[in-house]
Amino acid sequence: MSSAVLLAAPGCVSIGNRSGERALFPPSACKAEQYHGFIGAPLAATTLPVGVRVIEPGAILTQDYVPTRLNALVDARGSITGFRCG
């Protein structure tokens with residue numbers, strides 16, 4: 001584990017990783033805020049960028065954190081309920 005101390009820069013958030021160290025990422029490295037207009041829309045009728053990870057209820061996911069990966073949260077009816085990075 002590194003003993004270096006990181007100071008938070010304005011506009012960044014500190015997120016822990018598996019080793020206990022802290023890393024700095026922009027608050028929305030995946031640009032999730034660009035897709036908030038799709039919330040409530042059916043996933044099947046929405047065109048999202050290639051590589052978006054769709055998270056449905058009960059989905060089994062990897063535990064890796066990729067700050068630039070966009071996740072689309074979907075409810076049991078197939079409607080988009082939100083977006084987040086990771």
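A quick note: this is a predicted structure, and the numbers were derived from the prediction, not measured.
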How many angstroms lie between CD1 in Ile55 and CG in Asn71, if you round to the nearest 0.5 Å?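 CG of Asn71 is found 4.0 Å from CD1 of Ile55.
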When rounded to the nearest 0.5 angstrom, what is the spacing between CZ in Arg77 and CD in Glu56?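 Rounded to the nearest 0.5 Å, the CZ-CD separation comes out at 14.0 Å.
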Is it true that Val74 and Val52 fall in one hydrophobic cluster, defined by side-chain heavy atoms closer than 4.5 Å?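 Both belong to a single hydrophobic cluster.
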Are Leu73 and Leu61 co-members of a hydrophobic cluster defined by side-chain heavy atoms under 4.5 Å apart?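 Yes, it is one cluster - the side chains of Leu61 and Leu73 are joined through contacts under 4.5 Å.
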Given the rule in the side chain to side chain contact (heavy atoms under 4.5 Å, CB included) test, do Thr62 and Arg53 qualify, once you have shown the distances and angles that lead to the verdict? CA-CA 11 Å; Thr62 59; Arg53 180 166 67 168; 3.4 Å; yes
Which atom names give the shortest non-hydrogen contact between [X] and [Y], and what distance separates them?
| X | Y | answer |
| --- | --- | --- |
| Ala29 | Pro67 | CB-O, 3.3 Å |
| Pro57 | Ala76 | CG-N, 3.6 Å |
| Gly51 | Arg69 | O-CG, 4.4 Å |
| Tyr35 | Pro49 | OH-CG, 3.1 Å |

Under the rule for side-chain contact (heavy atoms from CB on, under 4.5 Å), what residues qualify as partners of Thr46, not counting sequence neighbours?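 Partners of Thr46 by the side-chain contact (heavy atoms from CB on, under 4.5 Å) criterion, ordered by chain and then number, come out as Phe38, Ala41, Leu48, Ile80.
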Phe83 side chain reached by Cys30 side chain, heavy atoms, under 4.5 Å: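 No, every pair of side-chain atoms sits at 4.5 Å or beyond.
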